[in-house]
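Each chain gets a letter, A, B and so on, in the order its sequence line appears, and its residues count up from 1.
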Protein chains: 2
Amino acid sequence: MKQTLAIDAFSALAHDTRLDIFRLLVKRGPMGTPAMEIGRLLDIKPSTLSGHLATLKRAGLVSSERQHRKIQYAPRLEAVNGLVRFLLEDCCGGDESACAGIDLPAQT
Amino acid sequence: MKQTLAIDAFSALAHDTRLDIFRLLVKRGPMGTPAMEIGRLLDIKPSTLSGHLATLKRAGLVSSERQHRKIQYAPRLEAVNGLVRFLLEDCCGGDESACAGIDLPAQT
DNA sequence: TCCTAATTTCGCGTAATTACGAAATATGAA
DNA sequence: TTCATATTTCGTAATTACGCGAAATTAGGA
């Protein structure tokens with residue numbers, strides 16, 4: 001994980017509506033949710049929604065795939081693991097015992 | 001974890017210098033690092049550093065404690081766990097099997 | 001092909017964030 | 001108390017993010 005990508009991801013999540021969108025997608029699961037339905041559930045105007053989804057996708061937090069007429073968005077949960085690993089990299093200078101109690105996600 | 005606090009935390013991390021500071025503190029470990037030393041290591045001006053540390057602290061990402069003349073800053077690793085739990089709350093609608101492969105941090 | 005639902009792009013005004021010098025403040029040591 | 005180190009506050013100017021209406025675009029279905 002590169003620092004600039006991590007910043008893009010944190011920036012994307014640092015916004016009320018985008019955080020709502022991402023958490024909704026997490027709840028909805030890996031099958032994905034159509035863009036319009038996200039907008040309907042969270043009451044977001046199409047142009048605003050489009051921008052937010054693009055931001056989330058650019059940050060690697062969601063994936064999209066067209067299914068017939070609609071574009072399904074799904075959360076990329078590996079991205080969350082990647083962020084945590086980036087944040088906790090070389091934790092406590094590598095001294096595991098000093099890091100006791102912290103859950104480091106497994107390598108993906 | 002409340003949404004506004006999560007946004008404060010993500011905003012705090014969504015900045016080059018602050019991300020550098022937090023990751024440095026993670027590497028340095030729980031004993032803490034004096035503010036001035038952070039500034040020296042990362043080449044940050046005092047007034048700029050002060051603002052960034054205040055932002056990180058407001059977001060709950062670091063703690064501070066005065067030791068003699070200096071203020072020691074340490075990372076609050078529980079905050080990272082808290083953010084991950086918040087992001088993945090009710091993952092896949094609670095269907096564990098659909099969430100396979102995701103590391104949910106233990107409750108703190 | 002033509003139509004239509006689904007999504008994106010553009011442009012605007014508004015609001016928030018940034019770095020940092022200078023000055024103020026706090027605190028421990030002598 | 002007096003001094004020096006450590007840190008914060010304040011003001012300013014430049015930059016960037018924001019929502020959303022209107023118009024453009026895309027792609028599936030008939």
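- Residues B:V26 and A:L87 form no side-chain contact, since every pair of their non-hydrogen atoms from C-beta on lies 4.5 Å or further apart.
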Find every protein N or O atom lying less than 3.5 Å from an N or O atom of nucleotides 15-17 of chain D, and list the pairs.
none

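- Going from atom NZ of B:K27 over to atom CG of A:L88 covers 10.0 Å, rounded to the nearest 0.5 Å.
- Within residues 28-39 of chain A, no residue has any heavy atom under 4.0 Å from DNA chain D.
- Using a distance-only test at 3.5 Å, with no hydrogens or angles considered, a donor-acceptor pair links the side chain of A:S11 to the main chain of A:I7.
- Contact annotation: the side chain of B:M1 never approaches that of B:E89 to less than 4.5 Å [non-hydrogen atoms, C-beta and beyond].
- The nearest whole Å value for the distance from the OH atom in A:Y73 to the P atom in C:dA6 is 14 Å.
- A heavy atom lying under 4.0 Å from DNA chain C marks the following residues of residues 42-53 of chain B, by number: B:K45, B:S47, B:T48, B:H52.
- The separation between A:I71 atom CD1 and C:dA5 atom C1' is 12 Å, rounded to whole Å.
- Grouping the Ile, Leu, Val, Met, Phe, Trp and Tyr side chains by contacts below 4.5 angstrom, directly or via other members, places A:L25 with A:L42.
- From B:F22, atom CZ reaches atom CG of B:L56 across 8.0 Å, with rounding to the nearest 0.5 Å.
- Going from atom NZ of B:K57 over to atom P of D:dT7 covers 12 Å, rounded to whole Å.
- At distances below 3.5 Å, at least one donor-acceptor pair connects side-chain atoms of B:T55 with backbone N or O atoms of B:G51.
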Polar atom pairs between nucleotides 27-30 of chain D and protein, under 3.5 Å, N or O only, would you list them?
unit_1 : atom_1 : unit_2 : atom_2 : d
D:dG28 : N2     : A:R69  : NH2    : 3.2
D:dG28 : N3     : A:R69  : NH2    : 3.4

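- Between A:A14 and B:Q72, the one whose closest nucleotide on DNA chain D sits nearer the 5' end is B:Q72.
- Atom CZ of B:R58 and atom P of D:dT8 are 12 Å apart (whole Å).
- To the nearest 0.5 Å, atom CD of residue B:Q3 and atom CG of residue B:L5 are 10.5 Å apart.
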Can you give the donor-acceptor pairs under 3.5 Å from side chains of residues 64-74 of chain B to other protein atoms, not counting sequence neighbours?
unit_1 : atom_1 : unit_2 : atom_2 : d
B:S64  : OG     : B:K57  : NZ     : 2.6
B:R66  : NH1    : B:R69  : O      : 3.2
B:Q72  : OE1    : B:T33  : N      : 3.4

### Task
Show the numbers, then the answer: is there a side chain to side chain contact (heavy atoms under 4.5 Å, CB included) between B:L53 and B:I38?
CA-CA 10 Å; B:L53 287 174; B:I38 299 170; 4.3 Å; yes
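- Counting heavy atoms from C-beta outward, B:L13 and A:F86 have side chains that stay 4.5 Å or more apart.
- Qualifying side-chain contact (heavy atoms from CB on, under 4.5 Å) partners for A:H52, counting only residues two or more places apart in sequence or in other chains: A:H15, A:T17, A:R18, A:I21, A:T48.
- Heavy-atom minimum distance, A:L61 versus A:A9: CD1-O, 3.7 Å.
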